[in-house]
Amino acid sequence: MKDFHVVYEDNHIIVVNKRAGILVQGDSTGDRTLTDAVKDYIKKEYGKPGDVFLHPVHRLDRPVSGLVVFARTSKGLERMMELFRKRDIKKTYWAVVRRRPKELKGKLTHWLIKDESKNVVTAYEEEVKGSQKAELNYKVLGEINKYFLLEIELLTGRPHQIRVQLATIGSPIRGDLKYGFDRPNADASINLHARRIYFIHPVKKEPIICKGAVPPNPFWEEFLELDPDDFKQKNLDYLHE
């Protein structure tokens with residue numbers, strides 16, 4: 001499986017759909033990163049000599065798949081970071097859980113504290129010292145083979161936010177051992193996918209709407225029939241190219 005597919009690119013930004021299992025940026029493992037892979041693509045595609053300017057404007061956890069936005073220029077980076085700071089970017093995720101939330105749709109609000117040494121986040125129902133407020137909206141799109149597909153709109157962007165908030169309401173994401181699911185996925189991924197991203201281009205001032213195809217495996221592909229819009233067939237075509 002490729003490290004990524006390009007979904008959108010211009011002189012200022014590039015949006016890619018990453019596979020689960022690759023780091024966005026480097027850590028203590030020293031493993032090859034998505035940033036490295038996209039830099040290599042730009043060098044080859046455009047014949048760029050020397051170093052390539054490329055910086056992610058947000059991150060996805062290693063076991064998560066889906067859309068990641070990179071800035072290709074310092075101007076693009078500054079303006080994209082401002083969009084994120086102002087929350088002028090809409091991000092939608094898909095998550096697969098075995099236990100359906102009590103309500104078919106709703107808003108989750110928690111206060112999160114991250115233990116950096118253990119790389120684990122704890123959620124609290126009320127504000128505690130040192131915590132950050134985390135909010136998301138979710139809705140249940142449907143059920144297939146005793147698993148439920150949730151569509152999630154992030155209102156804040158906290159580390160491990162979707163993972164820990166769903167686990168706190170008793171609906172851990174499939175494969176997510178860290179937050180309470182009982183067994184891993186064979187490829188060490190979790191069934192959380194950054195599905196859509198929408199924003200006004202910070203330089204061109206045009207609306208950008210990107211959608212990332214789900215990972216090309218039979219389990220994920222089954223849930224495409226629950227996709228509520230007309231992109232479903234395009235996804236199927238893309239997956240089987």
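Values reported hereafter were calculated over all heavy atoms of this structure, with side chains retained and with hydrogens, waters and symmetry mates removed. Residues take their numbers from the sequence shown, with the count starting at 1.
Surrounding CD of Glu82 are more than 12 heavy atoms belonging to other residues, nucleotides or ligands, all under 6.0 Å away. In this structure, Asp182 places its CG atom where more than 12 heavy-atom neighbours from other residues, nucleotides or ligands lie under 6.0 Å away. Glu78 CD: 12 or fewer foreign heavy atoms inside a 6.0 Å radius. No more than 12 heavy-atom neighbours from other residues, nucleotides or ligands sit within 6.0 angstrom of CD on Glu126. Within a 6.0 Å sphere centred on CZ of Arg32, other residues, nucleotides and ligands contribute more than 12 heavy atoms. Annotation for Lys204: atom NZ counts as buried by contact number, over 12 foreign heavy atoms lying within 6.0 Å. Around the NZ atom of Lys114, the shell of radius 6.0 Å holds more than 12 heavy atoms that belong to other residues, nucleotides or ligands.
Looking only at atom types and distance, the side chain of Glu151 has a donor-acceptor partner in the side chain of Trp94 under 3.5 Å away. Using modelled atom types and a 3.5 Å distance limit, the side chains of Thr156 and Gln161 yield a donor-acceptor pair.
Using the six-membered ring where Trp is involved, Phe223 and Trp220 have ring planes that are perpendicular, over 60° apart on the 30 and 60° scheme.
A cation-pi arrangement is present between Arg174 and Phe219, with the terminal nitrogen or guanidinium carbon under 6.0 Å from the aromatic centre and inside a 45° cone about the axis. Geometrically, Arg99 does not engage Phe181 in a cation-pi contact defined by less than 6.0 Å to the ring centre and at most 45° from the axis.
For the salt bridge (charged side-chain N to carboxylate O under 4.0 Å, His left out) test, no residue two or more places apart in sequence or in another chain qualifies with Glu222.
Considering every non-hydrogen atom in both Val64 and Leu192, the closest pair reads CG1-O, 3.2 Å. In this structure, Cys210 and Val7 approach most closely via the heavy-atom pair CB-CG1, 3.8 Å. Contact record, Glu125 with Trp111: O-CZ3, 3.2 Å, taken as the closest heavy-atom pair. The shortest non-hydrogen separation linking Ile14 to Val6 is CD1-CG2, 4.1 Å. For the pair Ala123 and Thr168, the tightest heavy-atom approach, listed with the atom from each and the gap, is CB-OG1, 3.4 Å. Looking at every heavy atom in both residues, Ala20 comes nearest to Ser189 through CB-CB, 3.6 Å.
In this structure, Ile197 and Val69 have side chains that are in contact, with non-hydrogen atoms separated by less than 4.5 Å. In this structure the side chain of Arg100 never reaches within 4.5 angstrom of the side chain of Ser171, judged on heavy atoms. Side-chain contact check for Lys133 versus Glu127: every heavy-atom pair is 4.5 Å or farther apart. Under the 4.5 Å side-chain criterion, counting only non-hydrogen atoms from C-beta, Asp88 is not in contact with Ile200. For the pair Leu150/Leu141, no side-chain contact is recorded, criterion being any heavy-atom separation below 4.5 Å from C-beta on.
Looking at Lys43, its side chain never comes within 3.5 Å of a backbone N or O of Gly47 through a donor-acceptor pair.
Salt-bridge annotation for Asp51 and Lys39: absent, with no side-chain N of the basic residue lying under 4.0 Å from a carboxylate O of the acidic one.
If you look at Phe84 and His58, their ring centroids are closer than 6.0 Å. The ring of His160 has its center closer than 6.0 angstrom to the ring center of Tyr179.
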**Message:** One pair to check against side chain to side chain donor-acceptor pair (under 3.5 Å): His110 and Gln165. What are the steps and the verdict?
**Reply:** CA-CA 7 Å; His110 295 92; Gln165 286 196 273; 2.8 Å; yes
**Message:** Test ring-ring contact (aromatic ring centres under 6.0 Å, His included) on His55 and Phe70; report intermediate values, then the result.
**Reply:** CA-CA 5 Å; His55 199 288; Phe70 289 88; 8.6 Å; no
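Between atom CZ of residue Arg98 and atom CG of residue Asn191 there is a gap of 11.5 Å, rounded to the nearest 0.5 Å.
Applying salt bridge (Lys or Arg N to Asp or Glu O under 4.0 Å) to Glu135 and the options Arg87, Lys107, Arg158 leaves one that passes, Lys107. Of the options Val96, Asn17, Leu67, a side chain to side chain contact (heavy atoms under 4.5 Å, CB included) to His193 is made by Asn17 and by none of the others.
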